[in-house]
Amino acid sequence: MRTLTVTIATWNINSVRLRENLVCRLLEEEQPDILCLQELKSVEELVRTDGFARLGYRHCVLRGQKAYNGVAIVSRLPLEDLGSRDFLGRGEARHVAARLENGMVIENFYVPAGGDEPDRTVNPKFGDKLDFVGAMRDWSHRDAPTRTVLVGDLNIAPLEHDVWSHRQLLKVVSHTPIETDLLNSVIEAGNWTDVVRSDIPEGKLYSWWSYRARDWNASDRGRRLDHIWATSDLVGTFHSSRILREVRGWDRPSDHVPVFASFDG
DNA sequence: ATGGTAGGTCTCCTA
């Protein structure tokens, strides 16, 4: 009997047109079966996918938008496009889903960053973020997904060791209790498992470092904003999670790095 | 306590 292992990666690319070469480099060097991208910052017509196809990644579902957002699932395995949900009802390209031939479903999300002030009465963008994640919770509860992997830039670092300083970030958008409580309510509603934290339970773990640091590597003020979750029926199949920190040191990098996990069956 | 960088676009938005 043969077991098929599927390796899934997620990466906020921060402009797919500017960094098409970095996407190709990652595909060549790491050979994931599936790469989920966020922040394409492009309309669909201007995204070049022929370079990905030449490397064997011939399947792609993509939702684009001018200048902002945008998500894609690039794959060397055939994909069925399952469409996208518009949680805020404004036509923003923040979600797309696809099904593999083995029945696994990939849900790729780009959650709103939420602005600077963690108070929805003065900062509507923070309200949008809470509404979006609340809608993810309602969807998780209502649809009760199975055989599903949820990935993406969720723009929330839920655990103490998902940020460089828990104490100093409690009032900083991405790590406030209102956000981390809400994200935990999504996990409860869908009975999701945080795959990467299950694989790597101990120690600091980051997937994003600000562009604004003088030396991102030396100061190491990171946050784990990018996630891979799985439904409970996939518990026991996942392994080999890793976060590719070194990609932050590539030439003209994204501020996020790729996160990987593998699934058997 | 503050300001720092990056990308896309149409002169400033978002992250």
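Every chain is numbered from 1, with letters handed out A, B, ... down the list of sequences.
Classified by interplanar angle (parallel below 30°, tilted 30° to 60°, perpendicular above 60°), the ring pair A:F87/A:H95 is tilted.
Ranking B:dT14, B:dG7, B:dT9 by closeness to the A:K125 side chain, first place goes to B:dT14. Nearest nucleotide to the side chain of A:K66, out of B:dT9, B:dA15, B:dG7: B:dT9. Considering only the side chain of A:R17, B:dT9 comes nearest among B:dA6, B:dA15, B:dT9.
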Any protein N or O atoms within reach of nucleotides 1-5 of chain B? Criterion: under 3.5 Å, listing atom names and distances.
unit_1 : atom_1 : unit_2 : atom_2 : d
B:dG4  : O6     : A:R212 : NH1    : 3.3
B:dG4  : N1     : A:R212 : NH1    : 3.3
B:dT5  : O4'    : A:Y211 : O      : 3.2
B:dT5  : N3     : A:R212 : NE     : 3.4

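The interatomic distance linking A:L40 (CG) with B:dG7 (P) rounds to 15 Å, in whole Å. Atoms CZ (A:R214) and P (B:dA6) sit 14 Å apart, rounded to a whole Å. The NZ-C1' distance, from A:K41 to B:dT14, rounds to 7 Å in whole Å. Atom CG in A:L46 sits roughly 11 Å away from atom P in B:dG8 (whole-Å rounding). In this structure, the CD atom of A:Q38 is 16 Å from the C1' atom of B:dT14, given to the nearest Å.
When only modelled atom types and interatomic distance are considered, A:Q38 and A:N108 share a side-chain donor-acceptor pair under 3.5 Å. Side chain to side chain, A:Y211 and A:N14 meet the donor-acceptor criterion of an N or O pair below 3.5 Å.
If you take atom P in B:dA1 and the same atom in B:dC12, they sit 31 Å apart, rounded to whole Å. Rounded to whole Å, the separation between the P atoms of B:dG3 and B:dG7 comes to 23 Å. Here the separation of B:dT9 from B:dT5, taken at their P atoms, is 22 Å to the nearest Å. The P atoms of B:dT2 and B:dG8 are separated by 31 Å, rounded to the nearest whole Å.
With DNA chain B read from its 5' end, the first of the two nearest nucleotides for A:R252 and A:D153 is the one closest to A:R252. Between A:N14 and A:N69, the residue anchored nearer the 5' end of DNA chain B, judged by the nucleotide with its closest heavy atom, is A:N14.
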Residues A:R197, A:R224; criterion side-chain contact (heavy atoms from CB on, under 4.5 Å); working and verdict: CA-CA 10 Å; A:R197 258 309 174 196; A:R224 189 172 71 106; 3.0 Å; yes
Full working for salt bridge (charged side-chain N to carboxylate O under 4.0 Å, His left out) between A:R94 and A:D153: CA-CA 10 Å; A:R94 295 185 177 274; A:D153 177 3; over 6 Å; no
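Ring to ring, A:F109 and A:W139 are close: their centroids are under 6.0 angstrom apart.
For the side chain to side chain contact (heavy atoms under 4.5 Å, CB included) with A:M136, the qualifying choice from A:L182, A:L154, A:D131 is A:L154, the only one to do so.
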